[in-house]
Engineer: 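Before I ask anything, here is the structure I am working with.
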Amino acid sequence: MSSRLVGVGVGPGDPELVTVKGVNALRAADVVVVPVMDTGERGRAEATVAHYVPAEKIVRVVFALNERTDRARREAAWDAAGRRVADLLEAHACVAFATIGDPNVYSTFTYLAQTLVELVPGVVVETVPGITAMQDLAARSGAVLTEGTEPLTLVPVTAGAAVLKEALAGPGTVVAYKFGRQAAEVAEALKETGRLADAVWGSALGLPEESVRPAAELDGSPLPYLSTLIAPPRRDGGRGGKL
């Protein structure tokens, strides 16, 4: 029988936001892989998974999660991680990979699955969706993500502040991921596009150090890397005005 690799979205950090299907997938797997950086600290995925499976079932695998400048180092790290998980698939019928948020939204799992399809012939790849940071921030802040015919644009600010500014100049709600290191540029883009007043940002959602604040309070100071921004459009038409 073919081995199975299951990418399981475990949400933005609050263990109560893992779906029932996600918990079942984690418990059904023979081992659960969690990504860690080479510095070795415990990540959000690992901390969340630990609420549902025993420690001996969790396998920590090093990934170059934030390496963007040294491509050779990043590729070497990806190859090593792929081989490690390939070995696990050779030894086990089902390996789960826990990823924060959703496995199909800016996830490490995407690259791992691409690697393992080449390394492990016949491997079956599946995913279990997870709650995203933008959904959690919307719930915690009271921000409405979309109404009526409004579009929703999701931008990783690692692509550059110019990409965010272009999105903010368009219609609908704009969500920005990973903007903490460019908080000053993000605040300026919000001001220039008239989006500052109703925008909110959050970090460490569902964790003891959680912060959910109006974007108008951004003062240019760096924020946690995994900060999320929601910038709704102006809604002047009253109830159902965007239908």
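Since the model is a prediction, treat every value here as computed from it, not as a measurement.
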Engineer: For the residue pair Phe109 and Phe97, does the interplanar ring angle fall in the parallel (under 30°), tilted (30 to 60°) or perpendicular (over 60°) class?
Structural biologist: tilted

Engineer: How would you list, by chain and number, every residue that makes a salt bridge (Lys or Arg N to Asp or Glu O under 4.0 Å) with Arg213, sequence neighbours excluded?
Structural biologist: Glu217

Engineer: Taking all heavy atoms of Ala25 and all of Ala96, pick out the closest pair and write down the distance.
Structural biologist: O-CB, 4.5 Å

Engineer: Are Met134 and Val163 grouped together when hydrophobic residues (ILVMFWY) are joined by side-chain heavy atoms under 4.5 angstrom apart?
Structural biologist: no

Engineer: Find out if a path of hydrophobic residues (ILVMFWY) with successive side-chain heavy-atom gaps under 4.5 Å connects Ile131 to Ile100.
Structural biologist: no

Engineer: Mind checking salt bridge (Lys or Arg N to Asp or Glu O under 4.0 Å) for Arg195 and listing every partner two or more places apart, or none if nothing turns up?
Structural biologist: none

Engineer: Counting only heavy atoms not in Glu209, do more than 12 fall under 6.0 Å of its CD?
Structural biologist: yes

Engineer: Looking only at heavy atoms, what is the nearest atom pair of Val212 and Leu137, with distance?
Structural biologist: CG1-CD1, 3.9 Å

Engineer: Any side-chain to backbone donor/acceptor pair from Lys165 onto Gly160? Under 3.5 Å, distance only.
Structural biologist: no

Engineer: Report yes or no: does Asp30 contribute a side-chain atom to a donor-acceptor pair with the main-chain N or O of Cys94 at less than 3.5 Å?
Structural biologist: yes

Engineer: Would you say Glu166 has more than 12 foreign heavy atoms packed within less than 6.0 Å of its CD?
Structural biologist: no

Engineer: Which other residues end up in the same hydrophobic cluster as Val34, if Ile, Leu, Val, Met, Phe, Trp and Tyr are linked when side-chain heavy atoms come under 4.5 Å apart?
Structural biologist: Val6, Val8, Val10, Val18, Val23, Leu26, Val32, Val49, Tyr52, Val53, Ile58, Val128

